[in-house]
Amino acid sequence: MQTPTNKRILSGIQPSGILHIGNYFGAIRQYINLQENNEGLYFVANYHAMTSLQNRQDLMDYSMMVAVDYLALGLDPEKAILFMQSDVPEVTELAWMLSTVTPMGLLERSHAYKDKINKGLSANHGLFAYPVLMAADILIYDSDFVPVGKDQKQHLEMTRDMAEKFNFAYGEELLKLPEEYILSSVAVVPGVDGQKMSKSYDNTIEIFASKKAMKKKVMGIVTDSTPLEDPKDPDNSTIVDLYKLFATPAEVEKMRENFLAGGYGYGHGKKELLNKINEHFEPHRQKREELINNLDYVGEVLKEGALKARERATVVMDRVRNASGVQRFC
Ligand code: ADP
Ligand code: TRP
């Protein structure tokens, strides 16, 4: 589909761990591109992270680090609105209201919920109601588009369902149904073990790992034991797949030829990949250092962002309270 322009774009990332290159190519890079010709609202989903993270210090550190990383990777507070989810508490109020029209069956069909339970997370109500809070995040800003990875598609469909039910009860067009916008430029980024890169699989390459840790991770990419002199298959290689994200088509072609020719070890490929990753993130690494040394500035950006986000959320909440008969006396 065409890249949106002049639209309200909204997306969030949970601060449930340290961001990795799957998050970057699958999500963050697109947010940053979309900030140019749209109104971008990007937030740190700290209420959502509470469904899997129950440690005060970790939640605070990861939340701040996600904000820092967004900025270091190019999110420009002059162009987009960056804020912490919990700075707009109305979102939990709308989540409650939506929950009153959300059928249990809808939530019971959630793939993400079932996956998380299978991975051993405890089946608490927050985890079950996760899609309702996510729907509130989206609907409270009259969002036009929500760029997310494929794994979030069902959540967007549920959001549309909830909005329809709410509108059926309280008034047509009360809540704006977002259009779908699935990030399609990059498929799933593989982790060092060849599976989908994910915080939950312990197979990530962190965007801002130290140079030493980065080297260890990249050199540790799992390969088969084809001897150095033999030809290798570039079509089933995590090294080549990751290299494609950073290198030009001509550079990728050269690596493919090296694989096919033999006499080129996986170690050589890993070194080339490592150089590319380091080169790509170097300017962002410097920016990140500056931000970490100036967290007051990051706090200011979050404050400004929250004021703007809240102003927008208030418009929708007033409309919703009015239509549903929830009166306020102060
Ligand atoms: P994780 O699986 O590491 O917990 P999240 O679920 O927090 O990642 O994902 C945040 C965003 O990054 C989502 O929009 C998701 O689609 C995207 N994303 C996560 N992992 C990948 C990956 N390996 N490839 C592409 N996109 C990804
Ligand atoms: N569920 C999303 C994820 O795991 C994070 C998220 C929370 C989100 N609220 C949102 C994404 C609203 C887009 C819009 O990646």
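Just so you know, ligand 1 is whichever comes first in the structure, and atom 1 is the first atom listed for that ligand.
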From atom 9 (O) of ligand 1, work out which of I21, N23, I13 has a heavy atom at the shortest distance.
N23
For S52 and Q14 the tightest heavy-atom approach is OG-OE1, 4.4 Å
Quick check on contacts: which atoms of ligand 1 are under 4.0 angstrom from a heavy atom of D151?
15 (C), 16 (O)
Compare every heavy atom of K199 with every heavy atom of S16, then report the nearest pair and how far apart it is.
OG-NZ, 3.4 Å
What I want to know is whether Y130 and ligand 2 share at least one N or O pair that is separated by under 3.5 angstrom.
yes
Do F25 and F246 have ring centres separated by under 6.0 Å?
yes
Non-hydrogen atoms of F43 and Y70 that approach each other most closely
O-OH, 3.2 Å
To the nearest 0.5 angstrom, please state how far the CG atom of L156 sits from the CG atom of L177.
11.0 Å
Under 4.0 Å between heavy atoms, the region of V146 that gets near ligand 2 turns out to be side chain
If we set the cut-off at 4.0 Å for heavy atoms, which region of F43 has an atom near ligand 2: side chain, backbone, both, or neither?
side chain
Heavy-atom distances under 4.0 Å decide this one: backbone, side chain, both or neither, for Q85 against ligand 2?
neither
Nearest-0.5 Å distance that lies between atom CG in L94 and atom CD1 in I138
11.0 Å
When only distance counts, is V188 in polar contact with ligand 1, meaning an N/O pair under 3.5 Å?
no
Do any nitrogen or oxygen atoms of H20 lie less than 3.5 angstrom from nitrogen or oxygen atoms of ligand 1?
yes
Tell me if the centroids of the rings in Y24 and F281 come within less than 6.0 Å of each other.
yes
Could a heavy atom of K196 be found less than 4.0 Å from some atom of ligand 1?
yes
Can you tell me which residue and heavy atom of the protein come closest to atom 5 (C) of ligand 2, and the distance to 0.1 Å?
G12 O, 3.5 Å
Is it true that K217 and E206 make a salt bridge, defined as a side-chain N closer than 4.0 Å to a carboxylate O?
no
Are E39 and R312 ion-paired here, with the side-chain N under 4.0 Å from a carboxylate O?
yes
Numbered atoms and elements of ligand 1 in range of G149, under 4.0 angstrom, heavy atoms
14 (O), 16 (O)
May I ask you to identify the nearest protein heavy atom to atom 3 (C) of ligand 2, giving residue, atom name and distance to one decimal place in Å?
Q152 NE2, 3.4 Å
From the options T238, T223, D224, select the one residue that forms a side-chain hydrogen bond (donor to acceptor under 3.5 Å, both in side chains) with Y266.
D224
Rounded at 0.5 Å granularity, tell me how far CZ in R109 sits from CD in Q154.
8.5 Å
What about A27: any of its N or O atoms under 3.5 Å from an N or O on ligand 1?
no
Considering the heavy atoms of Q14, write down every atom of ligand 2 situated less than 4.0 Å from one of them.
4 (O)
When only distance counts, is M197 in polar contact with ligand 1, meaning an N/O pair under 3.5 Å?
yes
Within the 4.0 Å heavy-atom shell around G26, which atoms of ligand 1 are there?
25 (C), 26 (N)
Taking heavy atoms and a distance under 4.0 Å, where does V148 meet ligand 2: side chain, backbone, both or neither?
side chain
Hey, could you give me the CD1/NE2 distance between I205 and H20, rounded to the nearest 0.5 Å?
10.5 Å
What atoms in ligand 2 come closer than 4.0 Å to a heavy atom of H48?
7 (C), 9 (N)
Would you check if the distance from the ring center of H155 to the ring center of Y130 is below 6.0 Å?
yes
Has ligand 2 got any nitrogen or oxygen that is less than 3.5 angstrom from a nitrogen or oxygen of S11?
no
Within the structure, does D137 bring an N/O atom to less than 3.5 angstrom of an N/O atom in ligand 2?
yes
Proximity of F259 and H268 rings by center, below 6.0 Å:
no
Is Q14 close to ligand 1, meaning an N/O of one under 3.5 Å from an N/O of the other?
no
Are any of the N/O atoms on K199, whether in the backbone or the side chain, positioned under 3.5 angstrom from an N/O atom of ligand 1?
yes
Nearest to atom 26 (N) of ligand 1 by heavy atom, G22, S11, S52: which?
G22
